[in-house]
Structures are given as C-alpha cells and as structure tokens.
**Q** 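This structure is in structure tokens; I'll ask about it shortly.
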Amino acid sequence: RNFCTVDTSLALQETETCYFLVINGNTQKRFTRNIALVDYFISMLGEEETEELLKCHNGEVPIALQVNILKTDREKLLASFTENGIAAKPHESLAECIFLDSTGTVTSLPGFHQGEFYVQDCAAYMSILAAQPKAGETIIDVCSAPGGKSFAAAILPMPSSVLVHS
C-alpha cells in the first residue's frame with residue numbers, strides 16, 4: 001500500500017496533482033488534491049488514514065436542509081417531501097435538519113418558495129447551537145455571507161437580536 005504522485009501536467013492547478021493509491025502494484029483509487037496538503041496528511045495520519053480521509057472527500061455529500069421553525073416543523077416537511085416522492089430523512093441528532101438523497105433543483109422542492117427550509121450544512125447550524133445564545137444577548141456574525149448562521153440564530157426559540165456584519 002503506498003501513495004505515488006503522477007505527472008503534474010494532469011493537475012488542475014500548479015499546486016495540485018493527481019494521487020493514486022497503489023496496493024500490491026495495482027492502482028486502486030485516484031484523488032486530485034493539493035500536493036502539500038496530501039503530504040501533510042500522510043505525515044500526520046499515515047497512508048491508511050489519509051486514504052480514508054480522501055475517500056470521504058471524494059464521496060457525494062447529501063444536501064442538508066434546515067427547517068424554518070417559524071413556518072413549519074420537520075415532521076410536516078418530511079411528510080410533504082414523501083407525498084411528492086422526494087427521498088429525505090431526518091438527521092440523527094439535529095432536530096431541525098433534514099438530509100436529501102437526490103432532489104434535482106432545490107428551488108423546485110415543495111416549501112422552498114414558502115420559506116419553510118433553507119440549504120445549510122449541518123456543521124454551520126451546529127456552530128450556532130454550540131454558541132448557546134441566551135435570551136436578550138446580541139449575536140454578532142462577522143462571517144455572514146450569505147447569512148445562514150445568522151438566520152439560524154434569529155429563528156431559535158428565544159428572543160435575541162442578531163447583528164450581521166460581513
């Protein structure tokens with residue numbers, strides 16, 4: 001098991017190259033990543049963990065939706081998706097998060113134009129939950145483009161004010 005780089009002319013940019021995972025002389029997987037980053041991962045994690053990390057980065061990520069609890073709840077939104085033949089499932093631990101397997105165009109989903117949900121990665125939503133804003137606090141989001149975390153904080157079930165600065 002080892003990583004080897006190939007001709008950087010296959011690269012997308014000067015700092016990227018294609019990495020191939022070679023097991024017993026057979027090329028198994030291809031990853032296109034920043035050279036220095038992959039070398040750093042190998043030095044810190046070893047080849048096996050780096051391979052797992054790169055596999056995760058190459059995989060398809062489901063689309064995450066955050067439910068606008070001011071308009072609907074997760075169960076109603078999931079029921080609407082099911083009625084319309086849309087494969088969706090609740091997040092295991094985030095009560096207001098839904099994963100979509102495949103959708104086509106998100107803007108064509110029922111509830112989108114009514115503001116019942118918005119697309120946001122679960123990690124972004126979790127940053128608001130981790131901050132644990134309290135009633136009456138002012139939240140300053142200094143990294144607010146396009147404003148999903150600010151919106152998530154604003155719709156939490158407690159009165160607070162949100163000051164957005166981008």
**Q** Measure across Arg74 and His91 and return the closest heavy-atom pair with its distance rounded to 0.1 Å.
**A** NH1-O, 3.4 Å
**Q** Do Glu96 and Ile69 come within less than 4.5 Å of each other through their side chains, counting heavy atoms only?
**A** yes
**Q** Which value, rounded to the nearest 0.5 Å, describes the distance between Ile86 atom CD1 and Ser108 atom OG?
**A** 7.0 Å
**Q** Could you tell me whether Gln114 atom CD has more than 12 heavy atoms of other residues or ligands within 6.0 Å of it?
**A** yes
**Q** What's the separation between atom CD in Gln120 and atom SG in Cys97, rounded to the nearest 0.5 Å?
**A** 8.5 Å
**Q** Are Ile63 and Phe99 connected, step by step, through hydrophobic side chains (Ile, Leu, Val, Met, Phe, Trp, Tyr) whose heavy atoms are closer than 4.5 Å?
**A** no
**Q** Considering only heavy atoms from C-beta outward, does the side chain of Tyr40 approach that of Thr50 to under 4.5 Å?
**A** no
**Q** Is a side-chain donor or acceptor of Asp73 paired with a backbone partner of Glu75 at a separation under 3.5 angstrom?
**A** yes
**Q** What closest approach, in Å, do Pro110 and Phe117 show between heavy atoms, and which atom pair accounts for it?
**A** O-CE2, 3.5 Å
**Q** Would you say the side-chain atoms of Thr82 pair up with the backbone N or O of Leu78, donor to acceptor, closer than 3.5 Å?
**A** yes
**Q** Do Leu109 and Leu100 touch side chain to side chain, with heavy atoms closer than 4.5 Å?
**A** yes
**Q** Drop me the distance from Glu52's CD to Leu45's CG, to the nearest 0.5 angstrom.
**A** 11.0 Å
**Q** Give the C-alpha distance, both sets of side-chain angles, the deciding distance and a yes or no for side-chain contact (heavy atoms from CB on, under 4.5 Å) between Val106 and Phe112.
**A** CA-CA 7 Å; Val106 173; Phe112 177 82; 4.1 Å; yes
**Q** Using side-chain heavy atoms (C-beta onward) and a distance below 4.5 Å, is Leu94 in contact with Leu129?
**A** yes
**Q** Contact between Val67 and Leu65 at the side-chain level, heavy atoms closer than 4.5 Å - yes or no?
**A** no
**Q** Apply side-chain contact (heavy atoms from CB on, under 4.5 Å) to the pair Cys122 and Gln66, showing each step before the final yes or no.
**A** CA-CA 8 Å; Cys122 295; Gln66 302 303 327; 4.1 Å; yes
**Q** I need the minimum non-hydrogen distance between Thr72 and Leu77, along with the two atoms involved.
**A** OG1-N, 4.2 Å
